[in-house]
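Worth knowing before you read on, the calculation uses all heavy atoms, side chains too, and leaves out hydrogens, waters and symmetry mates. Chain A is the first sequence line, chain B the second, and so forth, proteins listed ahead of strands; every chain is numbered from 1. Computed from a prediction, not measured in an experiment: that's the story for all the values here.
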Amino acid sequence: MFYQLDFSAEVIAWYRENKRNLPWRNTKIPYFIWISEIILQQTRVEQGLAYYERFVERFPTIENLAAANEDEVLKLWQGLGYYSRARNLHFTAKTICKNLNGKFPNNYAEIRKLKGIGDYTAAAIASFCFNQPHPVVDGNVYRVLSRVFGITTPIDTAKGKKEFYALAHELLDSQKPAWHNQAMMEFGAIHCTPKNPACASCIFKSKCIAFNKKIVKKLPVKAGKTKQRNRYFDYLIIKQNGNIFIKKRTEKDIWKNLYEFPLIENKKQMSENNLIKSKKWNELLGKSRYHIVKKSSIYKHVLSHQKLFTRFWEIEVSKPHKKLPDSFIPIREQALGKYPVSQLIANYLEKNLCKQNI
DNA sequence: AACTCGTGGCG
DNA sequence: TCGCCAAGAGT
């Protein structure tokens, strides 16, 4: 069907003509490639681009990143999601500076050991920066290969991963791994797209099995189904002597190490009356004299595995009868903007408080 | 090996 | 409106 080098040469030729000019494509410095790869995990280029620019502007070297506070790193990441990426990025920057004299490892095996770097990212860095012949197998590559070669094995199974990796490895031009890998991904990203792929003008039109069998839309196959659960949040924005209280999320849960207002979570939607009479409400406000300044409508916030239903309560406390635990940090409202928060909270702040607080 | 971790855009 | 899903990794 294909001679390996024909396939590679064709996709590389396409890439030379069609590639986008992106900032991380004008460098081979591993630090920059690394940042871009982490940002782009499960993220569209259009969404990640501005984050990349801000990130390398603020942290031009790995030493700058290693020296930063995690709060600031997360603040730069705010709104991008999957915050463990930022935490691991920061962790690994510190590791490299402390243990490797600030020098990024220059081969696949050593790169792969770093926290936050899996098979894909290790192959990307090793091939882009050091021209090592490791094939990248990301969502784009799965899509292109499953279609062109008509592979119906689900990509989210061990069997599928093995099969696609073997094929990707077979097709790789070991003399041009950087060009080959970038070409494969770019082709998937802007030509062989998930929806409305440009089959009519495709370089593989005559050979593409999916096109000729008219099953392009069915590929790639995924076995897994994502099930969502519902969660019900009530955030209490407690204002006291010009301060408001925030708390860091440290549990193993969504938004780890981001900040939020005092939270009451319930397994079912609770009526306002029952909430105000609840034990948790009482624990936060005790027998304080307070009044509810504002209560919001229900914000719906959708995550990959959860759907959150959230109310915000702005509460002015005139006579506190109880000191909140030390885990609640009193801050001036204007200082809120320094703390990394979830997009859910950022959305509320944008609508209800001033923009400088975001 | 399944499950978990965000967000925004699109049809 | 809703499900899909985008340059994945950790546990």
Side-chain angles (χ1 to χ4, degrees), chain A residues 15 19-20 22-25 33-52 74 77-89 91-92 111-125 127-128 135-144 154-162 164-165 168 178 181-190 192-197 217-229 231 249 251-258 299-308 340-347:
Chain A
Y15 178 66
K19 73 190 184 83
R20 293 168 289 182
L22 299 168
W24 47 85
R25 292 208 172 128
I33 298 296
W34 174 44
I35 302 294
S36 73
E37 290 303 334
I38 303 300
I39 286 177
L40 291 174
Q41 286 171 9
Q42 302 289 283
T43 303
R44 285 174 170 54
V45 166
E46 309 85 71
Q47 191 190 358
L49 189 53
Y51 283 87
Y52 175 82
L74 286 169
W77 209 269
Q78 180 177 309
L80 199 50
Y82 286 147
Y83 298 94
S84 67
R85 292 183 294 172
R87 297 196 311 269
N88 289 337
L89 196 63
F91 175 89
T92 292
I111 295 169
R112 180 63 181 81
K113 291 178 185 170
L114 301 170
K115 197 165 194 179
I117 297 185
D119 293 338
Y120 161 76
T121 304
I125 298 172
S127 63
F128 298 171
V136 294
V137 187
D138 72 336
N140 292 307
V141 175
Y142 280 123
R143 189 167 54 254
V144 172
I155 61 173
D156 54 349
T157 60
K159 183 169 182 278
K161 288 187 172 81
K162 229 180 230 178
F164 280 94
Y165 178 85
N181 282 338
Q182 304 220 44
M184 290 294 289
M185 289 195 289
E186 188 74 339
F187 184 71
I190 67 179
C192 191
T193 49
K195 283 165 287 189
N196 302 320
K217 276 189 288 188
K218 296 180 183 298
L219 297 177
V221 175
K222 281 188 182 174
K225 51 200 176 295
T226 55
K227 54 182 176 188
Q228 279 191 332
R229 70 176 169 124
R231 299 174 75 174
R249 290 182 65 90
E251 320 79 53
K252 185 179 176 230
D253 194 0
I254 56 172
W255 302 328
K256 185 177 176 185
N257 289 6
L258 302 190
Y299 281 62
K300 291 170 190 155
H301 191 79
V302 179
L303 289 71
S304 48
H305 289 73
Q306 302 176 22
K307 192 167 180 182
L308 310 180
V341 297
S342 68
Q343 194 56 38
L344 169 62
I345 288 182
N347 288 342

Worksheet item: Tell me: CH2 of A:Trp34 to C1' of C:dA9, nearest whole Å?
Response: 14 Å
Fill in: Interatomic distance at P, B:dC3 relative to C:dC4, whole Å
16 Å
Discussion item. Could you report the tightest heavy-atom contact between A:Ala123 and A:Pro135, atom names first, then the distance?
Written reply: CB-O, 3.5 Å
Discussion item. I need a per-nucleotide contact map over nucleotides 4-11 of chain B, read 5' to 3'. Cutoff is protein heavy atoms under 4.0 Å; write B for the base, S for backbone only, - otherwise.
Written reply: BBBBBBB-
Discussion item. Does A:Arg249 reach a base, just sugar-phosphate, or nothing at all? Heavy atoms under 4.0 Å.
Written reply: nothing
Discussion item. For A:Ser36 and A:Lys115, find the nucleotide of DNA chain C closest to each by heavy atoms; which residue's nucleotide sits nearer the 5' end?
Written reply: A:Ser36
Discussion item. Please compare A:Arg143 and A:Ile117 by the position of their nearest nucleotide in DNA chain C and report the one closer to 5'.
Written reply: A:Arg143
Worksheet item: Which part of the nucleic acid, if any, lies within reach of A:Val45 when heavy atoms closer than 4.0 Å are counted: base, sugar-phosphate only, or nothing?
Response: base
Discussion item. Counting C-beta onward and ignoring hydrogens, is there a side-chain heavy-atom pair between A:Leu303 and A:Arg231 closer than 4.5 Å?
Written reply: no
Worksheet item: How close or far is atom P of C:dA6 from atom CZ of A:Arg20, stated in whole angstroms?
Response: 13 Å
Item to complete: Grab the CD-P distance between A:Glu46 and C:dC5 for me, whole Å please.
Response: 17 Å
Worksheet item: C:dC5 C1' sits how many Å from A:Lys218 NZ, rounded?
Response: 18 Å
Worksheet item: How is A:Trp24 classified with respect to the nucleic acid when contacts are heavy atoms under 4.0 Å: base, sugar-phosphate, or nothing?
Response: base
Item to complete: Nearest whole angstrom, please: distance from the P of C:dC5 to the CE of A:Met185.
Response: 20 Å
Discussion item. Students often get this wrong, so: under 4.0 angstrom with heavy atoms, is A:Thr121 touching a base, only sugar-phosphate, or nothing?
Written reply: sugar-phosphate
Worksheet entry | Atom pair CZ (A:Phe91) and CG (A:Leu114), whose distance is rounded to the nearest 0.5 Å | 9.5 Å
Worksheet item: Checking A:Arg25 side chain against A:Lys19 main chain: does a donor-acceptor pair fall under 3.5 Å?
Response: no
Item to complete: Could I get the full list of side-chain hydrogen bond (donor to acceptor under 3.5 Å, both in side chains) partners for A:Thr121, not counting sequence neighbours?
Response: A:Gln41
Fill in: Contacts of type ring-ring contact (aromatic ring centres under 6.0 Å, His included), residue A:Tyr82, not counting sequence neighbours
none
Worksheet item: How close or far is atom C1' of C:dA9 from atom CD1 of A:Ile125, stated in whole angstroms?
Response: 13 Å
Worksheet item: Rounded to whole angstrom units, what separation is found between the CG atom of A:Leu219 and the P atom of C:dC5?
Response: 12 Å
Practice prompt. Please measure how far the P atom in B:dG6 lies from the corresponding atom in C:dT11, and state the result in whole Å.
Written response: 14 Å
Worksheet item: Is the side chain of A:Arg112 donor-acceptor paired with the backbone N or O of A:Ile117 at a distance under 3.5 Å, no angle test?
Response: yes
Worksheet item: Out of C:dG10, C:dC2, C:dA6, which has the shortest distance to the side chain of A:Asn88?
Response: C:dG10
